[in-house]
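Below: the structure, in structure tokens.
All figures in this text were calculated on a predicted structure; none of them were measured in a lab. So that the names make sense, note that chain A is the first sequence line, chain B the second, and so on, each numbered from 1. Side-chain atoms are counted along with the backbone in the values below, which use heavy atoms only and exclude waters and symmetry mates.
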Number of protein chains: 2
Amino acid sequence: MRNGSANRMYRTQEFAELASVTVRALHHYDRLDLLKPRRTDAGYRLYGVRDLERLEQIVALKFLGLSLKQIKALLEREKLELSAALRMQRKVLEQRRSLLDRAIRAIREAESAVKPGRQTDAAVLKKIIEVIEMQDNTDWMLKYHTPEARQKVEARRQLWSPELQERVSKQWAGLMAEVETALGEDPAGPRVQALAERWIKLVEEFTGGDQEIAAGVRRLYADQANWPAGFQQQAKPFMNPEVWTLMQKAIAIRKASAT
Amino acid sequence: MRNGSANRMYRTQEFAELASVTVRALHHYDRLDLLKPRRTDAGYRLYGVRDLERLEQIVALKFLGLSLKQIKALLEREKLELSAALRMQRKVLEQRRSLLDRAIRAIREAESAVKPGRQTDAAVLKKIIEVIEMQDNTDWMLKYHTPEARQKVEARRQLWSPELQERVSKQWAGLMAEVETALGEDPAGPRVQALAERWIKLVEEFTGGDQEIAAGVRRLYADQANWPAGFQQQAKPFMNPEVWTLMQKAIAIRKASAT
DNA sequence: TTCGGGCCTGACGTAACGTCAGGGTCAAGC
DNA sequence: GCTTGACCCTGACGTTACGTCAGGCCCGAA
């Protein structure tokens, strides 16, 4: 009774215009249980001020590039996950921007390179491909490596014949498959320890015994553990996380018992 | 007979690895008639060197953010449309990047603003919304206007009551609907000329008689005419192009006969 | 009471594939 | 000649965030 007429209710269209979204979007959010308005007896949706606030939050997070699933997870568990999510999202966006930048640069370079004399489309395409490939070779290493590590990777790359590459990657696949069959077992048991042995060998072969590279890989996977809700599955990794943790445990045990 | 063994053929998987795409993607391009390999009697796909070249072009254009439909159109009509398409795409990408930048800035500002004392998620959200809204109000005008025109728009905006806005936009909708019913008619005929009259009135009301703003709108639509293949429908405009051209003709006639 | 406008719930379409499922093909070894 | 195992094929459904009908109910004003 405190404020009877103050909190007016809006029907769908009116509310949509108020918030600059479409009616269909409101339907959509409703079905996803993301924003569920009240209903009249006839089934009409009725939105109030609280709904407007929530919708504004949704729209804002969408603007930041979060998916509706992620937004839902964040808004539901009113924990302190938001800032963690934002930190992650910032990285995602920055990565996306660097991709965009590369594309834009490629177009610019192709445009300026083709100016003299109108060339055929095929020539333009060739130039584009060239530019992109040049960028590619230099960019992929920047991710989980320090600058010093980059040089070493580059050096190693030249030592790797395609045959060696294939052999190693096949061994990886086989080993991971085997580890999966041992998932329930004791990390200290003989079978898992044997697998850990092979694991270490492969890692050494892969990294050339370089600690920095190995650390980069480890960072990549360790990060996963404390991701906020709704982010677990996005871009699923090429390795089962359980496999990863089992191996980490086994290796830790191995090292401890090696003294 | 010239070079029997030189152009080796690859089966799907092998070819996919060679080009660093997935087998499924090759299937997909095949079904879209984007890259159709030869077939064995048994139906197996066989890719050759020409296919590799084409695939590289596809991948490159995809990297630039073109859709498969656009890529197909560009690669089919081997005209000189490619550079026009690239020019457009660059604008699209730059626009996308500015959106990304805004999102990134918003996150950064929110992160730095929240540092002192761990605040609740709600507070963080509020800050984000605030930042985004501030950016929004200043950005939308930069599109088809010169800096000088911007100020005028801003000035006009303050004169526009919401009622006036709504009235005008409804008149627009009504007028456009009427013009659509007159699409086949003679631009010099009385009915179309009457519509053109109303059109001009509305434009004046809308722009406040400002020539620069009117020119901006005109540029926006005129551009459409010489877009390259595959770009016609992307982001369909809020106005039927036929309506636009009919009105342009009618207005030209009106001006000519007004002497 | 009727009529125009708004509201409802399906249900299909979009882009670029991922991911099975069910079923042939091929080359190698027995 | 036959059996594998590896590879190939064609559907067909899942994904994301809605757009766009289609068929039918509800509501307020004249």
query = Looking at the side chain of B:R39, which of D:dT10, C:dC8, D:dC18 is the nearest nucleotide?
reply =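 So the nucleotide nearest the side chain must be D:dT10.
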Given C:dG6, C:dA15, C:dC17, the nucleotide with the shortest approach to the side chain of B:S67 =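 Selected nucleotide: C:dA15.
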Separation of atom [atom1] in [X] from atom [atom2] in [N], rounded to whole Å:
X: B:L35; N: C:dC17; atom1: CG; atom2: C1'; result: 15 Å
X: B:L64; N: C:dA16; atom1: CG; atom2: P; result: 14 Å
X: A:L34; N: D:dT16; atom1: CG; atom2: P; result: 13 Å
X: A:D41; N: D:dC26; atom1: CG; atom2: C1'; result: 12 Å
X: A:L32; N: D:dT15; atom1: CG; atom2: C1'; result: 13 Å
X: B:R45; N: D:dC8; atom1: CZ; atom2: C1'; result: 9 Å
X: A:K69; N: D:dC18; atom1: NZ; atom2: P; result: 15 Å
X: A:M9; N: C:dC7; atom1: CE; atom2: P; result: 14 Å

Any side-chain N or O of [X] below 4.0 angstrom from OP1/OP2 of [N]?
X: B:K62; N: C:dA16; value: no
X: B:T12; N: D:dC9; value: yes
X: B:Q13; N: D:dC8; value: yes

Between [Y] and [X], is the closest basic N to carboxylate O distance under 4.0 Å?
X: B:D30; Y: B:R39; result: yes
X: B:K127; Y: B:E111; result: no
X: A:E56; Y: B:K126; result: no

key: B:R31 or A:R11, whichever maps to the more 5' nucleotide of DNA chain D   =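 The residue closer to the strand's 5' end, by nearest nucleotide, is B:R31.
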query = Of A:L18, A:L34, A:L35, which is the lone residue that meets side chain to side chain contact (heavy atoms under 4.5 Å, CB included) with A:L55?
reply =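 It is A:L35; the other options fail the test.
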query = What distance do B:R108 atom CZ and A:E94 atom CD have between them, rounded to the nearest 0.5 Å?
reply =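 CD of A:E94 is found 4.5 Å from CZ of B:R108.
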message = So, taking the atom named CD1 in A:I107 and the one named CZ in A:R102, what distance separates them when rounded to the nearest 0.5 Å?
response =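 So the CD1 of A:I107 and the CZ of A:R102 are separated by 13.5 Å.
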message = With each end axis built from five pairs of C1' atoms, what bend angle do you get for the helix from C:dT1-D:dA30 to C:dC30-D:dG1? Round to 10°.
response =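 The end axes of the helix from C:dT1-D:dA30 to C:dC30-D:dG1 are about 30° apart, to the nearest 10°.
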task = Taking all heavy atoms of A:A106 and all of A:I132, pick out the closest pair and write down the distance.
result =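 So the two residues come closest at CB-CG1, 4.1 Å.
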request  = Please state whether the rings of B:F15 and B:Y10 are parallel, tilted or perpendicular, taking 30° and 60° as the class boundaries.
outcome  =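 Tilted, since the angle between the ring planes falls between 30° and 60°.
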message = Counting only heavy atoms not in B:R38 (residues, nucleotides, ligands), do more than 12 fall under 6.0 Å from its CZ?
response =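 No - once you tally the heavy atoms of other residues, nucleotides and ligands closer than 6.0 Å, there are 12 at most.
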request  = Please list, by residue number, the residues of residues 14-30 of chain A whose heavy atoms come closer than 4.0 Å to an atom of DNA chain D; answer none if no residue qualifies.
outcome  =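 Heavy-atom contacts with DNA chain D come from A:T22, A:R24, A:A25, A:H28, A:Y29.
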